[in-house]
Novice: 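Before I ask anything, let me first share the structure, which is written out below as structure tokens.
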Amino acid sequence: FNAMISTIIILNDYFQLNKTPELKDQIFSDYVHPQKLIDQAFTEFKDMQFNLLKFSIPMFADDFSSTIELINNNKKIVDEKMDQLENSELDSTVNELLAETKIIWLNYKNVVADAILSAGMSQNYEMAAVVSVTTGKEIGTELQHKFSKIDEILKNRADFLDKSVGEKVSQSQTYIIIGMIVGTLVFLISALLIAPALSGPVNKIKVTLAEFARGNFEAEINIKSHD
């Protein structure tokens, strides 16, 4: 019986302690990883804007071919990060914002960027500059706004989970302390119950040995056991 009580206490403590890593993993999957993807996507977008701006400046004309490669790489990375975000297990609000963000991104990638490239390649640098600082800036601001809203939602979710982790840790500590107290009480009660059962036979043996010492070899040890 004592072994069963001890096992239950240990299993309960183990269960409580194992809840914390699960919540930490949830924080990572619900906030840290998506937040990292958002930062990477927006960083690539800003880099792409800078590369596109070169097509409005004549002094960069000789570098247009290499700059186009950089822009294509920017597009590829942003697309990858957006796809990874879509495949993440996020709540419906974030998914809706992601869908809106992707529409804005596709508009920028397929319309604005191509317009800037076409103007630059045809040496119409003024047109490339106009598109970059008007439509390009406007869409860039929209994207930044969407990413910021997603980040805010994810952060609130992370704060909630972080608070849950703190509560679970406190609960685990409480359960462990209770388990230690219960375990100690079980041990003390068991000791009090077992001690008389052990001391009785020992005292009988002592009495019998004393009789032997007096020369009374007819003394007997009568010990009844339920084992």
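Values reported hereafter were calculated over all heavy atoms of this structure, with side chains retained and with hydrogens, waters and symmetry mates removed. Residues take their numbers from the sequence shown, with the count starting at 1.
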Novice: Pair Lys81, Ile77 - check side-chain contact (heavy atoms from CB on, under 4.5 Å), show working.
Specialist: CA-CA 6 Å; Lys81 302 308 174 184; Ile77 293 175; 4.0 Å; yes
Novice: Walk me through whether Tyr108 and Phe45 qualify under ring-ring contact (aromatic ring centres under 6.0 Å, His included).
Specialist: CA-CA 10 Å; Tyr108 185 88; Phe45 171 73; 4.9 Å; yes
Novice: Would you compute the distance between atom OG of Ser92 and atom CG of Leu97 and round it to the nearest 0.5 angstrom?
Specialist: 10.0 Å
Novice: Does any non-hydrogen side-chain atom of Ile153 lie less than 4.5 Å from one of Ile150?
Specialist: no
Novice: Does Leu117 share a hydrophobic cluster with Tyr125, counting links as ILVMFWY side-chain heavy atoms below 4.5 Å and allowing steps through other members?
Specialist: yes
Novice: Just list the side-chain donor-acceptor pairs under 3.5 Å for residues 56-71, sequence neighbours left out, or say none.
Specialist:
| residue | atom | partner | partner atom | Å |
| --- | --- | --- | --- | --- |
| Ser56 | OG | Leu53 | O | 2.6 |
| Ser66 | OG | Asp63 | O | 2.9 |
| Thr67 | OG1 | Asp63 | O | 2.7 |

Novice: Does Lys102 pair with Glu86 as a salt bridge, N-O distance under 4.0 Å?
Specialist: yes
Novice: Decide yes or no on side-chain contact (heavy atoms from CB on, under 4.5 Å) for Val78 and Lys109, but give the supporting numbers first.
Specialist: CA-CA 10 Å; Val78 174; Lys109 180 180 74 168; over 6 Å; no
Novice: CD of Gln144 to CZ of Phe42: how many Å apart, nearest 0.5 Å?
Specialist: 4.0 Å
Novice: Nearest heavy-atom pair of Gly136 and Val112: which atoms, and what distance?
Specialist: CA-CG1, 3.9 Å
Novice: With hydrophobic residues grouped by side-chain heavy-atom distances under 4.5 Å, do Phe147 and Leu37 end up in a single group?
Specialist: yes
Novice: Tell me, yes or no, whether the heavy-atom count around Met127 atom CE, taken from other residues, nucleotides or ligands under 6.0 Å, exceeds 12.
Specialist: no
Novice: Looking at side-chain heavy atoms only, is the closest gap between Met82 and Thr101 below 4.5 Å?
Specialist: yes
Novice: May I ask you to check whether over 12 heavy atoms, not counting those of Lys149, lie within 6.0 Å of atom NZ?
Specialist: no
Novice: Answer with yes or no whether the hydrophobic clustering places Val133 together with Val111; edges join I, L, V, M, F, W, Y residues whose side-chain heavy atoms lie under 4.5 Å apart.
Specialist: no
Novice: Ile104 and Leu52: same hydrophobic cluster, using ILVMFWY side-chain contacts below 4.5 Å?
Specialist: yes
Novice: Which heavy atom of Gly140 sits nearest to which heavy atom of Gln49, and what is that distance?
Specialist: CA-NE2, 3.9 Å
Novice: Tell me every residue that passes salt bridge (charged side-chain N to carboxylate O under 4.0 Å, His left out) with Glu100, counting only those two or more places apart in sequence or in another chain.
Specialist: Lys146
Novice: Please report the closest heavy-atom contact between Ala128 and Ile116, naming both atoms and the distance.
Specialist: CB-O, 3.9 Å
Novice: Going hydrophobic residue to hydrophobic residue with side-chain gaps under 4.5 angstrom, can you get from Leu106 over to Leu143?
Specialist: yes
Novice: For Asn107, enumerate each residue passing the side chain to side chain donor-acceptor pair (under 3.5 Å) test, keeping only those at least two apart in sequence or located in another chain.
Specialist: none
Novice: If you measure from CD on Gln40 to CD on Glu80, what distance do you get to the nearest 0.5 Å?
Specialist: 10.0 Å
